[in-house]
Amino acid sequence: MADVSLVPFRPVAPHPAHRRYRVVGLAAGLGLVAGAGIALVGVLVGLAARGGPPAPAPAPPLAATPPGGGVRVLAVPAYRADLAPRSAPSPSAVTWATRVVSLSSQYGDPQWSATQALGAPDTYPATGDLPTAWAPRTADGGHEFIEVGLPAPTRIRAVVVAETMGAGAITEIDARAAPGGVRERLVSVPVTPGAHVGGAVMRRFDLHGCTEAPVATLTVTLDTRSVAGWNELDAIGVEPCAEE
């Protein structure tokens, strides 16, 4: 076995230049700490003079829900809609559609058929894929429409639609003074792709006046790609104008 000899440790005196560098380094470190402290004191004094940190900007107030329930939509006037005194703005009971005039498609018959959109709501306020509401043949297939007739031609001041699934896909509502007559635009609704109102919604489209000509039929158009999944309507109706 080899011998291992231990060499005793002898501390070496530092070189004078090394001492100088350590002193200079220590002084520089102290200077940085002091500078940071002064800067912090300055910030605190400045905040105290201004009364503390600025308060966050208040959030903008939420828009109030319009009266009548549902979403008010600026309408494109049809039949020279006017705001004359004879177009009394007082609301009356909703008149619901009683017959199907035409449609783009339907999922089944009688379940999910166009006739399920007639009469007063029998699905709303329930929501979901329910057979008592009209559904197009396919989901997300593009533009679909349903045209329904009123019990009798009447001047109207609002259109009411009960949506029970995939609400928010309505893009247009048109009217005819007589079946097969000229179709006039009542409401144009901008739809944002991916938008979703959700749940069961009773939407009221205010025409901001009464139609001058009586309305016999209504056509509701959906962009089914704008709201993913099935888009189903339970009822379509109008608020008639109060006649003098």
Side-chain angles (χ1 to χ4, degrees), residues 63-103 114-125 133-134 144-164 167-191 197 200-223 231-244:
T65 301
V71 179
R72 286 193 185 275
V73 179
L74 292 177
V76 177
Y79 306 114
R80 299 180 302 282
D82 63 279
L83 297 173
R86 63 186 178 82
S87 303
S90 58
S92 58
V94 175
T95 297
W96 301 102
T98 56
R99 68 188 189 280
V100 177
V101 178
S102 64
L103 71 157
T115 58
Q116 299 293 348
L118 300 180
D122 60 355
T123 304
Y124 179 88
W134 168 67
E144 300 276 358
F145 73 88
I146 179 173
E147 183 178 10
V148 295
L150 301 177
T154 183
R155 295 170 60 239
I156 66 173
R157 63 185 303 273
V159 179
V160 179
V161 182
E163 302 175 74
T164 51
I170 295 174
T171 58
E172 298 165 358
I173 301 178
D174 298 331
R176 298 183 198 266
V182 177
R183 194 162 75 177
E184 300 281 354
R185 181 63 39 82
L186 284 181
V187 175
S188 180
V189 187
V191 174
V197 175
V201 178
M202 182 78 74
R203 298 222 287 173
R204 179 181 183 275
F205 299 91
D206 194 342
L207 304 183
H208 303 283
C210 290
T211 59
E212 185 171 309
V215 171
T217 74
L218 291 170
T219 301
V220 179
T221 300
L222 311 176
D223 180 2
N231 312 109
E232 302 181 9
L233 306 184
D234 178 40
I236 302 170
V238 298
E239 286 184 9
C241 291
E243 301 293 345
E244 294 181 346

For the [atom1] atom of [X] and the [atom2] atom of [Y], what is their distance to the nearest 0.5 Å?
X      : Y      : atom1 : atom2 : value
Thr98  : Leu118 : OG1   : CG    : 7.0 Å
Gln116 : Asp122 : CD    : CG    : 6.5 Å
Cys210 : Ile156 : SG    : CD1   : 9.0 Å
Leu186 : Thr211 : CG    : OG1   : 7.0 Å
Thr219 : Phe145 : OG1   : CZ    : 7.0 Å
Glu232 : Trp134 : CD    : CH2   : 10.0 Å

[X] versus [Y]: any side-chain heavy-atom pair under 4.5 Å?
X      : Y      : result
Met202 : Pro121 : yes
Val238 : Leu150 : yes
Thr171 : Ser188 : no
Val160 : Trp96  : yes
Ile170 : Val161 : yes

### Task
Walk me through it: do Thr217 and Glu147 pass the test side chain to side chain donor-acceptor pair (under 3.5 Å)?
CA-CA 7 Å; Thr217 74; Glu147 183 178 10; 2.8 Å; yes
### Query
Which is it for Ile146 and Leu233 under the side chain to side chain contact (heavy atoms under 4.5 Å, CB included) test, yes or no, and what are the steps along the way?
CA-CA 10 Å; Ile146 179 173; Leu233 306 184; 4.3 Å; yes
### Message
Quick check against the 3.5 Å criterion: does Arg176 have a side-chain atom that pairs as donor or acceptor with the backbone of Gly181?
### Response
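Yes.
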### Query
Given Leu218 and Val159, is the side chain to side chain contact (heavy atoms under 4.5 Å, CB included) satisfied, shown in steps?
CA-CA 9 Å; Leu218 291 170; Val159 179; 4.1 Å; yes
### Task
Evaluate the side chain to side chain donor-acceptor pair (under 3.5 Å) criterion for residues Asp234 and Thr123: first the C-alpha distance (whole Å), next the side-chain angles of each, then the deciding distance (0.1 Å), finally the verdict.
CA-CA 6 Å; Asp234 178 40; Thr123 304; 3.2 Å; yes
### Query
Going through the distances and angles, do Leu207 and Arg157 end up as a side chain to side chain contact (heavy atoms under 4.5 Å, CB included)?
CA-CA 5 Å; Leu207 304 183; Arg157 63 185 303 273; 5.6 Å; no
Ion pair check, [X] and [Y], cut-off under 4.0 Å:
X      : Y      : result
Arg204 : Asp206 : yes
Arg203 : Glu163 : yes
Glu172 : Arg185 : yes

### Query
Do you know which two heavy atoms are closest between Ala216 and Pro179, and how far apart they sit?
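Where Ala216 meets Pro179 most closely, the heavy atoms are CB-CD, 4.1 Å.
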